[in-house]
Every structure is written in structure tokens, then in C-alpha cells.
Amino acid sequence: MLQCQNVMKSYGSKVAVSNITTNIVPGKIYALLGSNGSGKTTFMKMVAGLVKPTSGTITYEGNPIGVESKKHIAYMPTESFYYEYMTCRQAGKFYKDFFEDFDENKYYYLLEEMNLDPDLKVSKMSSGMTAKAKLALTLARNSRIIMLDEPLNGIDIIAREKIVDTIIKNASPDNAIILSSHLVDELEKIIDYAIFVRQGEVVIQGDAEELRMQNQRSIVDMYKEIYKYD
């Protein structure tokens, strides 16, 4: 579904992503793992069509990333992407105007699932509420590829459990979910495929269970070994 071949992104002399090659197929939950500054966000922004690669190719169902692919790829960034004056209800209307695949009924269901009042203003939300509202907006799109950048960052343990549960419920044989995080212990139990990125490069990737068997250690322990000097 998504093919990335020798993808590189540099900003002047600084290389953010270097020579990433990977394929994303439907029906799986992917973990894009790495410490802060490893290139995870830059990679996601390139897939979302927000940043252009310096070299290499990214294609969605055989076509270059562009206007058409954006209709099928949902991306949740780490930063807030709605205005402070908005309520959850207004943010939903805002999204519905922009994305044809936005399911308003699904959105309100997700808000209810995460105990969020549709008329609650963004400016009145805690960090945990904001994270859940962003997730509801993103998952309310019936997209083939769903990318969530650090969905658990800064969230308390109870809210994390709710968010992880919601992500699992929205996985299907028709979509692929890509989670970027350094909180590996929270994700290990739900992921199908792990991609370890260090200093902009993929150092190890593969089926999560196969990686565990080959290395005789958990994904968490592999993470600790790879990034112990970062």
C-alpha cells in the first residue's frame, strides 16, 4: 500500500532522514521507534505530504504522494492543530469541511468513548483531554493509513490505557496504523511490526514476533540496547 524507497530528507547540512526503505501493508499496526530527534516525525510528515523528500521515493498504491494520497492518509502531529477558541464540536465541523472521509457520527462516538464533552473548549482542556480530542479527530477519518505521532506523550497512565484501547478498536484488515513513540513498553503488546530509527536511519525492522525470536529479547530490551548511548 505504501512504499518508501531510499528516502532522504536534509535541511541544509543537517540530515533528518537518511536512506529509509520500508513497505507498509494493510491489516497491521506499525511502531516507528526511536529517541527524540531520530527522524520519526520528519518521516511521517513526508508520508503525509507535508514535507518533500530530498531524494528517494514514497508512493501510495503506486502513485507519488500528493493531493490524491492526502485523501487516504490521516496524520496526527504532536502539536495541536485547532484553534484555542474552538470546542470539540467546532473542531469536528472544521475537519468535516476539509476531509471527505471524515465520519461525524464516528467522531461523536469517539468523544463519548473518551469522556469528552463536545462543547468543551480547547482552551479549557488538560493535556490528556487534548491528546484524546486529537485522536478522536484523526480516527474519525476512514483513512487507509493512520499515522499517530507520539499519541501517548505526556499522558497519564489511565489515559494511556484508554488511548491504546481506542487505537486497537480502530485497527482493521483494510487500514494500516503507524505509531511513533519512544514509550515502547506501552506499545509492545499491540504492534505487529517494529521499525527502529536511529539518527535518521532504519537500523532494524521486521515482524515484532520474529524480531523477538531472532534476538531472544523483547522489543523493549532491543530498544534499550539500540539507544543506550543516545
Side-chain angles (χ1 to χ4, degrees), residues 1-25 28-61 63-82 98-99 130-131 134-135 137-139 141 143-155 163 167 175-184 186-187 191-206 219 222-223 226-230:
M1 183 164 57
L2 183 77
Q3 293 185 314
C4 306
Q5 188 70 36
N6 303 122
V7 177
M8 192 268 276
K9 179 63 184 179
S10 62
Y11 297 94
S13 60
K14 179 176 174 56
V15 177
V17 168
S18 176
N19 199 36
I20 287 184
T21 295
T22 192
N23 294 324
I24 305 297
V25 301
K28 292 186 178 183
I29 298 177
Y30 292 78
L32 189 62
L33 305 172
S35 54
N36 291 331
S38 60
K40 305 186 304 296
T41 295
T42 300
F43 176 73
M44 282 189 160
K45 286 184 175 180
M46 287 191 286
V47 172
L50 301 175
V51 173
K52 289 187 176 182
T54 303
S55 62
T57 60
I58 305 176
T59 58
Y60 170 76
E61 294 192 336
N63 298 309
I65 295 296
V67 175
E68 283 303 310
S69 67
K70 288 181 181 180
K71 296 178 182 178
H72 308 286
I73 299 175
Y75 169 56
M76 188 191 83
T78 53
E79 56 272 2
S80 295
F81 47 83
Y82 32 62
F98 272 90
F99 302 107
T130 302
K134 285 166 52 182
L135 186 68
L137 282 169
T138 307
L139 294 180
R141 288 186 60 192
S143 303
R144 299 289 312 287
I145 296 176
I146 300 166
M147 296 190 297
L148 308 175
D149 194 357
E150 299 287 358
L152 306 177
N153 206 22
I155 308 303
I163 287 173
I167 291 169
N175 68 25
I177 298 178
I178 306 172
L179 307 171
S180 162
S181 185
H182 58 273
L183 300 172
V184 196
E186 299 285 349
L187 300 183
I191 63 171
D192 302 299
Y193 195 96
I195 304 170
F196 291 87
V197 181
R198 185 172 186 271
Q199 297 180 357
E201 296 186 17
V202 173
V203 290
I204 300 175
Q205 65 175 314
I219 299 296
M222 289 178 63
Y223 184 96
I226 293 169
Y227 303 104
K228 63 183 177 182
Y229 298 118
D230 287 10

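Keep in mind that this is a model prediction, so the values were computed, not measured. Each residue takes its place number in the sequence, starting with 1.
A side-chain donor-acceptor contact under 3.5 Å links Q205 to the backbone of T21. Side-chain atoms of K9 do not come within 3.5 Å of backbone N or O of G200 as any donor-acceptor pair. In this structure, the side chain of D192 engages the main chain of I29 through a donor-acceptor pair within 3.5 Å.
A donor-acceptor contact closer than 3.5 angstrom is absent between the side chains of S181 and E186. Side-chain atoms of T78 and D149 form no donor-acceptor pair, as typed in the model, at a separation below 3.5 Å.
Atom CG of L152 is separated from atom CG of L187 by 5.5 Å, given to the nearest 0.5 angstrom. Between the CG atom of L33 and the CZ atom of R198 there is a distance of 14.5 Å, given to the nearest 0.5 Å. Rounding to the nearest 0.5 Å gives a distance of 11.5 Å between OG1 of T59 and CE of M1. Taking CD1 of I219 as the start and CD1 of I191 as the end, the distance is 5.0 Å to the nearest 0.5 Å. Taking CG of L179 as the start and CD1 of I146 as the end, the distance is 9.5 Å to the nearest 0.5 Å. We find the CD1-CG distance between I20 and L32 to be 7.0 Å, quoted to the nearest 0.5 Å.
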With side-chain contact (heavy atoms from CB on, under 4.5 Å) as the test, would you mind laying out the steps for F43 and C4 before giving the verdict?
CA-CA 10 Å; F43 176 73; C4 306; 3.7 Å; yes
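The two residues I65 and G49 have their closest heavy-atom pair at CG2-CA, 3.6 Å. Between Y11 and A16, the shortest heavy-atom distance links the atoms CE1-CB, 3.9 Å.
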